[in-house]
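Here the structure comes first, spelled out in structure tokens, and everything after it is commentary.
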Amino acid sequence: IQDTAGNDADLVYPAGQPVITDVMINRTEPVVTVTRGQGIVGPPATTTENKTGDVIEFTADYPQAVTVTGVPSIAINVGGTPRQATYVGGTVTTAFRFQYAVQATDEDDDGITFQAAAINLNGGSITDAAGAVVATFQEPTSLLDVLALTNVDGGVPTVVSAVGPTPGSYIALDNLDITLNFDETVTLSSAASTPAVRLPLTIGGQVRDAVYESGSGSSTLVFRYTIASATDVFANGSFTVGALNLNGETMQDAPGNDAD
């Protein structure tokens, strides 16, 4: 290598070998996938309804083995509330997992979302043989479609009111119907169980059980007590409704949260 006068070029760098910065070579961001949780599928058939305690899992796949220290996380949005899917396993591997367990206050009926398409290191590290790896990731349509079908219902069904029979006088063999109104649809595991699901009534100091009559699969359950005889019970205007006795059955909403 010479100049125009024929002088040979000096090929030694005067300040040592130059370092080129901000160039990433084969530093590929992970491919993130999501398992839609342990919840009940449908309806519609492609939607997963996750209850309290169900786990939604994310997996970050790198093309090369990585080592994880600390507890990284992925920030997600559950019904407008920021949550964190935290690292649970996969040290020194190409794939590692993040999990989020649904909380009792979580509600999201149109799918969870990412707050940001990135893994938060939280003071830890993710490295391979060449050093720190890329922590951001893409959100392809396929991933977003799965997230949109990952619903969350952590709230337990709750009784909002109890309605007694129509005001009036009741005698032997008349029915006393008590209606419990819930804040969402509930289903009994066996509406025809024996002994039946019962609702204790205290009438004039005497306890009698109103037996489940109808309503499983709706937000309104009806319980009935039939007055046995003219000397069965007496009341001068009011009686008390006790706590529901499921007798070993379950009462749940669609995702499987037990009624409160």
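If you read the sequence from its start, that first residue is 1, and numbering goes on from there.
V222 and V186 fall into different hydrophobic clusters, where Ile, Leu, Val, Met, Phe, Trp and Tyr residues are linked whenever their side-chain heavy atoms come under 4.5 Å apart, directly or through other members. The cluster map of Ile, Leu, Val, Met, Phe, Trp and Tyr, joined by side-chain heavy atoms under 4.5 Å apart, puts V152 and L144 in the same cluster.
Within 6.0 Å of atom CD in Q138, 12 or fewer heavy atoms from other residues, nucleotides or ligands are found, so the atom counts as exposed in its surroundings.
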(request) Verify side chain to side chain contact (heavy atoms under 4.5 Å, CB included) between L244 and M251, making sure each step is shown before the conclusion. (result) CA-CA 10 Å; L244 194 60; M251 181 183 295; 3.4 Å; yes
(message) Test side chain to side chain contact (heavy atoms under 4.5 Å, CB included) on F182 and L221; report intermediate values, then the result.
(response) CA-CA 8 Å; F182 289 81; L221 301 188; 3.9 Å; yes
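A donor-acceptor contact under 3.5 angstrom links the side chains of E249 and S189, judged on distance only. If you check the side chains of S125 and T69, you find a donor sitting under 3.5 Å from an acceptor. Side-chain atoms of Y100 and N50 form no donor-acceptor pair, as typed in the model, at a separation below 3.5 Å. The closest side-chain donor-acceptor pair between T226 and N175 falls under 3.5 angstrom. A side-chain donor from one of Q84 and S73 sits under 3.5 Å from a side-chain acceptor of the other.
A distance of 7.0 Å separates CD in E49 from CG in D153, rounded to the nearest 0.5 Å. Atoms OH and CD1, from Y87 and I126 in turn, are 9.0 Å apart once rounded to the nearest 0.5 Å. To the nearest 0.5 Å, atoms CG (D232) and CG (D174) are separated by 11.5 Å. Rounding to the nearest 0.5 Å gives a distance of 8.0 Å between OG of S214 and CG of D177.
When ring centroids are compared, F114 and F58 come within the 6.0 Å threshold.
Across every non-hydrogen atom of A116 and F137, the tightest pair is O-CZ, 4.2 Å. Taking both residues in full, the closest heavy atoms of G155 and E184 are given as O-OE2, 3.5 Å, listed atom of the first, atom of the second, then distance. Residue I1 comes nearest to L11 through the heavy atom pair CD1-CD2, 4.1 Å, listed as atom of the first residue, atom of the second, then distance.
The shortest side-chain heavy-atom distance between L201 and F223 does not fall under the 4.5 Å cut-off.
When I56, I112, N151 are each tested for a side chain to side chain contact (heavy atoms under 4.5 Å, CB included) with V78, only one passes: I112.
No salt bridge links K51 with D258; every basic N to acidic carboxylate O contact stays at or beyond 4.0 Å.
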